[in-house]
Protein chains: 2
Amino acid sequence: MEQRRPGTTEGELLEVLSGYPLFRGVPRESLRALIHMGVERKCPAGRFLFLEGDPAEGVYLLLEGYVKVVQTDVSGQEVVAQVAGPGEPLGLIAMFADSPYPASAQAVSPARALWLPGEALRGFLLRHPEVALRLLRVLAERLHETHRRLLEVSILRVERRLARVLVRLASRLGQRTEEGIAVAMPLSREELAELCGTRLHTVSRLLNRWQRAGWVRLGRRRIVLREPHALVALAEELEPREPPLALTGRKVGEGKTVDDRRGTRPGRTE
Amino acid sequence: MEQRRPGTTEGELLEVLSGYPLFRGVPRESLRALIHMGVERKCPAGRFLFLEGDPAEGVYLLLEGYVKVVQTDVSGQEVVAQVAGPGEPLGLIAMFADSPYPASAQAVSPARALWLPGEALRGFLLRHPEVALRLLRVLAERLHETHRRLLEVSILRVERRLARVLVRLASRLGQRTEEGIAVAMPLSREELAELCGTRLHTVSRLLNRWQRAGWVRLGRRRIVLREPHALVALAEELEPREPPLALTGRKVGEGKTVDDRRGTRPGRTE
DNA sequence: CGTACGTTTGAGTAGTATCAAGAGCCGTGG
DNA sequence: CCACGGCTCTTGATACTACTCAAACGTACG
């Protein structure tokens with residue numbers, strides 16, 4: 001939305017970009033030329049960098065802040081396709097598939113990005129095929145990641161999916177605090193739900209159960225992992241887990257006192 | 001598995017490859033050199049071209065037949081990540097992300113593929129960056145497709161997902177017959193289930209209901225769409241549909257007679 | 001200080017998975 | 001050629017996860 005006039009000098013941009021793995025080994029002159037064709041854009045929290053369906057004329061290189069990329073269903077339901085932090089390129093699909101943006105990018109915290117016009121980037125890649133290969137790597141890794149998520153949503157229970165999402169967020173965007181590992185990106189329960197293909201109610205219930213168990217610390221748009229290993233166990237464990245119980249109703253400790261030990265599937269013995 | 005000795009001459013291969021969009025405009029000399037570094041491999045139905053976890057030393061270019069790419073969960077559950085036909089490259093993720101194969105590729109019908117060693121392809125791409133750009137397009141499109149599937153599995157009911165899968169298969173691999181549009185690729189109910197993130201039982205029930213409605217014709221590993229538009233309606237329709245009803249028990253026409261008309265969401269008017 | 005948003009929690013139930021048989025089709029070997 | 005064993009598919013009964021609807025609470029913010 002805000003356009004032009006950096007807030008950063010071209011020289012600084014040059015420093016930042018040349019620090020990214022994507023551009024390693026690229027002559028500064030070429031980089032400078034590329035930057036020169038781009039525009040820096042600021043984007044306050046909550047605002048969209050681009051909208052699903054918009055014609056795409058280039059890509060964004062995220063310089064600062066966090067952005068979530070969401071796909072919206074006709075019914076208004078959303079799914080978070082990707083969460084991006086500094087250094088990550090956005091809008092690649094539209095750029096290379098030569099289509100409108102297939103999803104919207106919304107700043108979750110104040111963000112800054114360098115916009116690069118498609119033609120400029122294309123020319124740059126033709127002159128620097130090694131960068132094209134690195135972009136191929138980026139896309140390959142995202143495809144891999146998306147396949148993994150597809151697998152999870154297809155065959156895992158929500159509980160395990162949520163645990164995995166938290167573990168992943170913590171490892172990608174986590175910061176150590178004295179309480180535990182905090183997720184740096186501010187995400188609402190609803191956004192978390194959109195990350196694991198469920199509803200905010202379900203996320204809320206699960207998180208609170210885990211909080212009661214002392215595994216996490218909850219706040220508004222804030223989650224701290226106090227016992228990451230417990231979540232990892234939940235996320236990966238092959239065998240039926242024990243601590244948390246049913247989703248609705250009874251809290252930990254209550255419930256039909258009979259057959260509280262899982263593990264031997266009830267009603268399977270006879 | 002079977003190695004070397006084409007079954008096709010190098011000249012024929014050259015013809016085939018230069019017909020693929022991927023290699024359009026590439027000088028025949030370069031192509032010939034590339035082919036020369038590759039190996040043709042045959043793969044009977046049911047056999048794997050490569051296995052998840054195998055170290056990847058190159059990519060496959062599918063020349064003939066159909067291949068399904070499956071990811072397997074620790075518990076043995078499978079999800080079909082992709083179905084590929086002639087002309088499609090396989091193993092791209094492993095190649096560019098520089099990792100072992102993240103999924104297994106199994107021939108669904110007898111297949112033939114050209115194996116290209118990674119280093120050869122990499123060198124080729126550095127010399128022909130325009131081909132790298134086309135590969136970027138391939139990956140971008142697959143990523144787009146996978147995002148769409150993720151959205152669907154996350155928020156759509158099985159019924160609608162299955163309808164979409166069928167419509168998509170019909171449009172990508174369909175062949176007109178006097179009965180309707182037949183899906184060219186032989187897929188079992190279970191494989192269909194793995195394509196839409198459900199179980200074979202659910203697929204079977206839905207398909208049979210649709211067969212009773214006259215929308216499809218079923219066979220062993222075979223499906224013919226007789227009323228594609230009905231399926232498209234089911235797949236896209238925004239409003240609650242009418243024909244098919246609950247999954248278990250009661251057949252079409254039975255059921256609690258009260259409140260059978262859907263459409264006005266109960267309890268939302270006040 | 002009120003309003004709005006993010007969140008928690010409850011009750012009820014639809015939609016699917018799961019468990020359990022059984023029926024048809026197919027290639028194989030007697 | 002026919003019987004057999006193995007797949008693939010169909011169908012029923014039952015369990016249960018996670019969604020939907022509904023309401024209330026707390027906190028941030030104007």
Side-chain angles (χ1 to χ4, degrees), chain A residues 45-46 75 77 108 153-162 186-194 196-212 216 218-223 240-241 244-252 254-256 259 262 265-270, chain B residues 45-46 75 77 153-162 186-194 196-212 216-223 240-241 244-251 254-256 259-260 262 265-270:
Chain A
S75 68
Q77 291 250 67
V108 167
V153 169
S154 296
I155 66 188
L156 263 46
R157 300 275 157 75
V158 170
E159 183 179 50
R160 189 168 295 196
R161 301 210 297 270
L162 181 58
L187 291 169
S188 70
R189 305 288 182 269
E190 180 151 34
E191 286 164 330
L192 272 176
E194 287 165 2
C196 49
T198 181
R199 298 319 201 116
L200 77 161
H201 305 93
T202 304
V203 169
S204 179
R205 286 187 230 274
L206 285 169
L207 288 180
N208 280 283
R209 197 197 298 163
W210 294 345
Q211 177 165 247
R212 269 175 241 126
V216 298
L218 299 177
R220 241 173 129 83
R221 289 175 159 277
R222 178 179 163 78
I223 299 179
R241 59 287 143 122
L245 277 96
L247 249 193
T248 40
R250 39 199 141 102
K251 306 181 184 52
V252 184
E254 302 179 30
K256 34 161 84 107
D259 191 60
R262 306 292 184 80
R265 299 256 209 71
R268 191 95 307 281
T269 31
E270 175 262 350
Chain B
S75 68
Q77 291 249 67
V153 169
S154 296
I155 67 188
L156 262 47
R157 298 276 155 74
V158 170
E159 183 179 49
R160 191 169 293 196
R161 302 210 296 270
L162 181 58
L187 291 169
S188 68
R189 303 290 182 268
E190 179 150 34
E191 287 163 330
L192 272 176
E194 289 165 1
C196 48
T198 182
R199 301 316 204 116
L200 78 161
H201 305 94
T202 304
V203 169
S204 179
R205 286 188 231 273
L206 285 168
L207 287 180
N208 279 284
R209 195 197 297 163
W210 294 344
Q211 177 163 247
R212 269 174 242 126
V216 299
R217 191 85 220 292
L218 300 176
R220 240 176 130 83
R221 289 176 158 275
R222 179 181 161 75
I223 299 180
R241 59 287 141 117
L245 276 96
L247 249 194
T248 39
R250 39 199 140 102
K251 304 185 183 50
E254 300 180 31
K256 35 162 82 108
D259 191 58
D260 221 29
R262 311 289 187 80
R265 296 253 212 75
R268 190 93 305 273
T269 30
E270 173 262 350

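The chains referred to below are lettered A, B, ... by the order of the sequence lines, with proteins before strands, and numbering in each begins at 1.
- Note: CD (A/E159) to P (D/dC19) measures 13 Å, nearest angstrom.
- Atoms CD1 (B/I223) and P (D/dT8) sit 15 Å apart, rounded to a whole Å.
- Protein atom CZ of B/R161 is 13 Å distant from nucleotide atom P of C/dG15, rounded to whole Å.
- Note: CZ (B/R199) to C1' (D/dT14) measures 16 Å, nearest angstrom.
- In this structure A/E190 satisfies the side chain to side chain contact (heavy atoms under 4.5 Å, CB included) test together with A/S188, A/E194, A/L200, sequence neighbours excluded.
- Here B/R212 reaches the OP1 or OP2 of D/dT11: one of its side-chain N or O atoms lies under 4.0 Å away.
- Closest non-hydrogen pair, A/L162 versus A/C196, comes out as CD1-SG, 3.9 Å.
- Shown here are the side-chain hydrogen bond (donor to acceptor under 3.5 Å, both in side chains) partners of B/R220, two or more places apart in sequence or in another chain: there are none.
- Nearest heavy-atom pair across A/E159 and A/L206 is CA-CD1, 3.8 Å.
- Looking at every heavy atom in both residues, A/A193 comes nearest to A/R199 through CB-C, 3.4 Å.
- Contact between the side-chain N/O atoms of B/T198 and the OP1/OP2 oxygens of C/dA17 is found at a separation under 4.0 Å.
- When the P atom of D/dA15 is taken as reference, atom CZ of A/R157 falls 16 Å away, rounded to whole Å.
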Protein-to-nucleotide contact annotation, 5' to 3' order, nucleotides 2-7 of chain C [B base; S sugar-phosphate only; - none; under 4.0 Å, heavy atom]: ---BSB
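- Counting only distance, with no hydrogens or angles, the side chain of A/Q211 and the backbone of A/L218 share a donor-acceptor pair below 3.5 Å.
- For A/R205 and D/dA18, the shortest distance from a side-chain N or O to OP1 or OP2 is not below 4.0 Å.
- Atom NE2 in B/H201 sits about 18 Å away from atom P in D/dC16, given to the nearest Å.
- Although no hydrogens or angles enter the test, the distance criterion places no donor-acceptor pair under 3.5 Å between the side chain of A/R189 and the main chain of A/V203.
- Atom C1' of nucleotide D/dT10 and atom CH2 of B/W210 are separated by 16 Å, given to the nearest angstrom.
- Atom CG in A/L156 sits roughly 14 Å away from atom C1' in D/dT17 (whole-Å rounding).
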